[in-house]
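Chain letters run A, B, ... following the sequence lines, proteins first, then strands; residues in each count from 1.
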Amino acid sequence: MKFYPTKLLTITCEILAKKNILDIFTKYSVTGYTSYEVEGRGSRGLRGQGLENEKNIKVEVVISEEKLHDVVEEIARTMFTDFAIMLYVSEIGILRTEKFS
Amino acid sequence: MKFYPTKLLTITCEILAKKNILDIFTKYSVTGYTSYEVEGRGSRGLRGQGLENEKNIKVEVVISEEKLHDVVEEIARTMFTDFAIMLYVSEIGILRTEKFS
Amino acid sequence: MKFYPTKLLTITCEILAKKNILDIFTKYSVTGYTSYEVEGRGSRGLRGQGLENEKNIKVEVVISEEKLHDVVEEIARTMFTDFAIMLYVSEIGILRTEKFS
Amino acid sequence: MDFLELIQSNLLTPIVLFFLFGIITARIKSDLKIPDAISEFLPIYLLAAIGLHGGIEMRNTGFTAMLAPMLVAIALSLLFTLNHYQILRRLGKFNIFDSYALASTYGAVGAVTFSVGISFLDNQGVSSEGYLAAILAVLEPLAFILAIFLTNMAVSKQLEEKKKSFGSMESKIDINSGETRSNLKQVLHESITGKAIVILLGSIVIGYIIGENGFSSISIVFDELFTGAIVIFLIEMGIIAGQRLGDIREVGLFLTSFAIIIPTFNGIIGVLVATILGLSVGGSVMFGLLLASASFIAAPAVLRHTIPQAKPSLYITSALGITFPYNIIVLLPIMFTLSSFIHNSESINLFHHVTNFLT
Amino acid sequence: MDFLELIQSNLLTPIVLFFLFGIITARIKSDLKIPDAISEFLPIYLLAAIGLHGGIEMRNTGFTAMLAPMLVAIALSLLFTLNHYQILRRLGKFNIFDSYALASTYGAVGAVTFSVGISFLDNQGVSSEGYLAAILAVLEPLAFILAIFLTNMAVSKQLEEKKKSFGSMESKIDINSGETRSNLKQVLHESITGKAIVILLGSIVIGYIIGENGFSSISIVFDELFTGAIVIFLIEMGIIAGQRLGDIREVGLFLTSFAIIIPTFNGIIGVLVATILGLSVGGSVMFGLLLASASFIAAPAVLRHTIPQAKPSLYITSALGITFPYNIIVLLPIMFTLSSFIHNSESINLFHHVTNFLT
Amino acid sequence: MDFLELIQSNLLTPIVLFFLFGIITARIKSDLKIPDAISEFLPIYLLAAIGLHGGIEMRNTGFTAMLAPMLVAIALSLLFTLNHYQILRRLGKFNIFDSYALASTYGAVGAVTFSVGISFLDNQGVSSEGYLAAILAVLEPLAFILAIFLTNMAVSKQLEEKKKSFGSMESKIDINSGETRSNLKQVLHESITGKAIVILLGSIVIGYIIGENGFSSISIVFDELFTGAIVIFLIEMGIIAGQRLGDIREVGLFLTSFAIIIPTFNGIIGVLVATILGLSVGGSVMFGLLLASASFIAAPAVLRHTIPQAKPSLYITSALGITFPYNIIVLLPIMFTLSSFIHNSESINLFHHVTNFLT
Ligand SMILES: Nc1ncnc2c1ncn2[C@@H]1O[C@H](COP(=O)(O)O)[C@@H](O)[C@H]1O
Ligand SMILES: Nc1ncnc2c1ncn2[C@@H]1O[C@H](COP(=O)(O)O)[C@@H](O)[C@H]1O
Ligand SMILES: Nc1ncnc2c1ncn2[C@@H]1O[C@H](COP(=O)(O)O)[C@@H](O)[C@H]1O
Ligand code: NA
Ligand code: NA
Ligand code: NA
């Protein structure tokens with residue numbers, strides 16, 4: 001089994017920011033992602049309890065290094081001031097490189 | 001605090017593939033795992049909405065390097081063609097090695 | 001885009017241990033975290049089905065190396081014997097260091 | 001009420017209208033959705049209600065009346081499954097896996113369709129035999145077991161042929177056929193302990209034990225709320241069916257026709273046979289509906305494990321996106337008209353002759 | 001029953017008491033909470049019930065009666081939104097984004113408030129015009145569309161001014177205004193396919209089609225359970241409102257006063273206008289409530305995307321934490337007293353004169 | 001109806017049968033399960049219904065009647081908790097933590113058990129005193145507070161002894177006892193704001209305020225659906241109890257006997273004392289049931305934080321897997337027979353003597 005190094009981008013943000021993020025993915029032809037609801041605390045206080053619209057989500061995307069930078073740059077530029085959002089990158093190994101863009 | 005390097009295997013797949021994965025774990029005596037429901041998009045389209053059986057899950061397992069290869073090999077061989085599935089490996093540090101097999 | 005290396009601490013534990021963990025975070029002024037419900041199997045058997053109090057959760061926290069050691073040490077010391085709990089650390093890259101303590 | 005009036009009056013019930021509403025909701029890409037917990041709970045509730053009701057009725061009628069219809073239903077279900085397979089494999093040119101998966105999807109029964117049928121009859125002021133719930137429970141795993149058995153047989157045969165050509169692969173094939181056998185045992189266990197069957201059988205037994213008296217304290221929940229609950233569930237079913245409509249291209253013309261013609265054929269046979277067996281107007285409709293319905297909740301859960309090579313988009317889309325709407329909107333009134341006709345008209349004499357002849 | 005008695009008898013209904021209970025629950029930091037799936041399902045259920053009810057009534061009364069109230073409601077809603085903006089921007093000194101967001105939050109309507117109003121009238125043994133549900137559906141997206149349109153206009157103007165000073169940024173601004181236009185189209189689509197509107201309009205149509213007869217089989221779920229369902233929902237609303245109470249400091253004195261005075265003003269105008277238009281006692285109260293209510297479920301969903309620069313803590317907290325409790329506890333009885341008074345007393349003559357004069 | 005008939009007629013109610021069904025479901029490893037959101041919501045609903053009902057009745061009877069039973073219940077609950085501890089520690093040889101945890105689990109009350117009791121009496125056409133809901137609310141946190149207090153005392157004593165031997169560890173121990181004190185305060189807060197108590201007390205107060213009249217609009221939800229809701233909840237309870245059955249080996253023979261004998265003892269004492277206090281047939285049964293019941297929802301939530309050293313598998317398994325089924329299937333009919341007997345037969349004279357003597 002050989003694992004090819006690639007990147008995992010993890011974004012934690014308010015649920016109403018999800019649409020914007022998926023739009024950015026589409027713009028850069030990032031087709032795969034995984035997401036789920038979480039609760040969390042950050043600089044904007046406790047989130048994820050109460051109204052549906054107040055929930056937090058995590059979005060995870062296996063992504064090539066080149067696209068990573070474009071996507072992160074656009075998210076940071078267009079969303080960081082107005083939304084509760086946090087992101088980080090980690091190194092992972094995958095089996096087949098062709099599956100992820 | 002000393003952290004011992006080990007592996008984390010993350011599998012994202014359709015919910016009906018979970019049983020197969022857990023069976024493979026059992027076969028290789030991997031006793032611990034963590035799993036949860038997610039939604040996602042991949043080569044098989046959007047998943048995780050609608051019918052219960054159409055959901056996606058993530059399964060995470062802290063695992064030693066040796067077992068990792070057997071488990072990944074068997075998953076790739078028996079499941080990649082028939083199921084919506086994606087997996088990746090990352091490096092983590094744990095406190096006590098004896099707890100994970 | 002420059003990513004600054006920092007740590008991600010991931011804790012998987014029984015839901016009734018969450019309060020203790022958040023208390024430890026507060027003690028060390030770790031203000032941000034993300035958490036969600038999971039099911040899992042470990043040395044204490046299958047968890048996350050049945051009664052609400054039997055669920056498992058994951059708590060993830062982006063944290064500086066210094067605080068990491070204090071937090072992990074205190075969790076290990078005060079909780080490992082009495083609670084179903086597992087933790088690991090991984091390396092991640094973030095955009096701005098000032099946001100995480 | 002003639003047939004057109006009936007189909008119209010059936011189209012204009014809350015159940016059908018909310019189902020159509022769900023479809024539209026999905027087509028215009030609204031974010032409306034019934035929360036998962038509710039739509040997972042509702043089938044359990046519906047089956048419990050059906051089971052209790054059936055059990056209570058069976059207490060009055062006893063078991064013997066059930067025997068003949070039960071055996072006939074089993075025989076027809078197996079026959080139909082084999083028939084579907086031949087049609088799909090020979091005429092439809094589907095591969096062996098898709099053929100067996102689809103054959104059993106249409107040989108199996110749909111509990112949601114059954115619920116809608118009960119409600120439809122209720123609306124017409126007609127009742128049906130309680131033991132039909134028991135037949136529902138027995139038929140549910142049957143077609144799958146047959147299909148899995150046959151698939152495994154076919155796969156083994158293929159493997160054996162390969163074995164002859166490549167002597168060296170022996171050990172691996174042995175493992176595989178071992179897996180196959182344990183698979184079948186597992187599937188049997190899973191089918192019988194599947195949640196739909198368990199809640200249905202359990203409720204039948206409990207209904208049988210408690211009778212009308214014991215039921216009175218819970219009848220408001222398990223009887224009076226029934227139609228309202230179906231309405232809510234059908235919103236979600238409509239949404240999911242609507243999301244599937246886009247995939248119909250994938251299903252193709254052959255399978256689309258199959259998904260309409262086969263239920264019609266099976267259902268009409270069912271109504272006729274049930275009438276011969278002496279079932280009531282409503283009972284014959286429900287018997288027909290059992291045979292006409294396709295499984296879209298149980299099927300994926302079973303087939304993904306047992307015939308993972310089959311494409312779920314085929315069997316889910318056709319069963320949920322085509323057959324289910326067709327069954328509850330068009331076929332149900334057709335079968336009701338037919339059943340009323342052959343029960344009431346003089347043609348009944350013919351059937352009496354047949355029945356007398358057979359017994 | 002005089003006003004004080006009424007406010008007291010309104011305070012002491014299960015709905016209001018369980019809402020207050022929820023607030024207390026949150027303040028003492030209890031872990032009580034209604035599971036998400038239930039509190040997401042309940043608004044869907046409530047809107048379906050309201051819609052069905054409205055549709056059934058409209059079948060009896062026809063559409064023409066609806067026209068005038070609908071148009072007047074639209075006009076008032078737009079006027080009020082502009083009025084709110086002026087007050088917030090000039091007197092309140094809020095920035096342009098917060099001003100538009102708040103203006104439309106209070107120009108829009110609250111479906112939960114509407115449900116409580118229906119229940120309140122029920123409790124008083126008074127009915128209201130069925131078409132008010134249709135007005136609810138139409139008003140829901142209106143104020144947002146206006147606010148978004150005006151915000152985009154304002155932002156474009158700002159950008160153009162900047163463009164003049166920095167010639168080099170042209171390209172970027174063009175992209176932005178392109179985004180703006182597509183944004184507006186998207187918002188329109190999203191507003192109209194938003195789940196609240198879809199379920200409400202769908203249920204109105206279905207109610208209209210099925211009428212009293214078709215409704216009878218589901219009336220236990222969609223009519224008799226209504227008040228109990230609201231009670232459960234208001235526990236959760238109370239909990240959330242209670243959690244928001246701590247943020248009232250952030251809201252400030254100006255906005256707190258705004259959140260009480262504006263609904264009172266809008267509501268009373270609404271009752272008077274509705275009475276002139278010939279609506280019943282109950283109908284006039286509901287018409288006033290539509291205009292008085294602020295949106296706290298739909299608003300965040302729309303505004304986070306369209307005016308992301310606005311602070312949600314302002315518009316959610318004031319609408320849910322201040323205006324909603326005020327509306328259902330204090331303003332509702334006030335409007336009911338007013339409506340009863342002008343409908344029953346001799347003052348009605350005055351209105352007849354006005355009406356005669358207008359027609 | 002004699003005792004055997006009663007236990008039979010109790011076994012054959014929907015509630016008990018669906019509970020047994022749940023156990024079987026778990027034993028055959030079916031995948032049937034009530035979605036989390038539903039099974040988290042149902043206890044809230046049940047407690048609200050119980051509280052409203054209790055509050056409405058208390059409005060009729062006033063508070064004074066409640067005083068004596070309340071105080072006696074508190075005293076008995078504390079006494080029993082201490083008694084359990086002695087038995088577990090001395091006879092059972094459990095360690096100090098497990099002993100206190102188990103003692104308080106059985107000294108506390110079970111809200112679900114209480115709901116089943118209410119339904120059982122309903123089924124028998126017997127009513128009970130409304131204030132018992134208030135006693136339920138007060139008893140709920142009591143045994144825990146006592147157990148935690150005693151555990152902390154014991155731990156402090158242990159630590160102090162160690163302190164004497166190892167002078168150097170002083171500082172650490174001081175920290176610990178500081179933690180202990182703040183712990184107790186926190187537990188008090190958490191117990192009193194725990195969701196069960198909050199919804200129960202809140203509903204009692206609201207029921208008291210609204211009375212029969214205010215209740216009528218929500219009685220279909222909070223009264224008529226009650227038994228059906230319990231049935232659904234008991235399916236899930238049965239499933240969980242069934243999953244626990246496998247752990248009974250871990251529990252051991254001693255604790256298994258304890259889990260049957262102690263509730264029987266406590267319950268019978270409860271029935272006798274309540275009869276002496278003048279409670280009705282039904283009221284005495286419920287009073288006995290309060291004392292007989294063990295806590296399996298609140299207990300883990302409190303004990304995991306306050307006595308984390310205790311093994312949850314012990315106290316959850318015995319309370320939910322053994323005592324709960326025993327209480328609702330066997331002990332409830334026993335207590336009902338006993339209560340009917342001593343209320344109706346001549347033996348009542350004896351009690352009158354005792355009562356006269358005591359007052
Ligand atoms: N240090 C952290 N570790 C883990 N998650 C965090 C951290 N800080 C923030 N988050 C998550 O990111 C979300 C948005 O963060 P913020 O914008 O800081 O409120 C929070 O609601 C948390 O779910
Ligand atoms: N690039 C990706 N990043 C994150 N998750 C992915 C990605 N591609 C696929 N997935 C997840 O893996 C599941 C199965 O993928 P697939 O088999 O490609 O449909 C999807 O439903 C997603 O949840
Ligand atoms: N090897 C593993 N990989 C992933 N998750 C694990 C593993 N071992 C334990 N866990 C998780 O940690 C929880 C507590 O573990 P334990 O204390 O060993 O029962 C389990 O319920 C699982 O969710
Ligand atoms: Na069929
Ligand atoms: Na308004
Ligand atoms: Na007790």
* To do: Determine whether A/Glu39 and C/Tyr33 make a side-chain contact, defined as any pair of heavy atoms from C-beta on separated by less than 4.5 Å.
  => yes
* Under 4.5 Å between any side-chain heavy atoms of C/Glu60 and A/Tyr88, yes or no? -> yes
* Residue list, side chain to side chain contact (heavy atoms under 4.5 Å, CB included) with A/Glu14, at least two apart or on another chain -> A/Leu16, A/Ala17, A/Arg47, A/Asn56, A/Phe83, A/Ala84, E/Arg304
* Structure fact -> Bottom line for A/Lys58: the part with an atom under 4.5 Å from chain C's heavy atoms is side chain
* Toward chain A, the part of C/Ser90 with a non-hydrogen atom under 4.5 Å -> neither
* Asked: Does the side chain of C/Glu37 reach to within under 4.5 Å of the side chain of A/Tyr36, using non-hydrogen atoms?
  -> no
* Please name the pair of heavy atoms, one in C/Leu95 and one in A/Ala76, separated by the smallest distance, quoted to 0.1 Å. => CD1-CB, 4.1 Å
* **Nearest non-hydrogen partners of A/Arg41 and C/Thr31, listed with the distance** => CD-O, 3.2 Å
* **Proximity breakdown for A/Leu8 and chain C, heavy-atom pairs closer than 4.5 Å** => neither
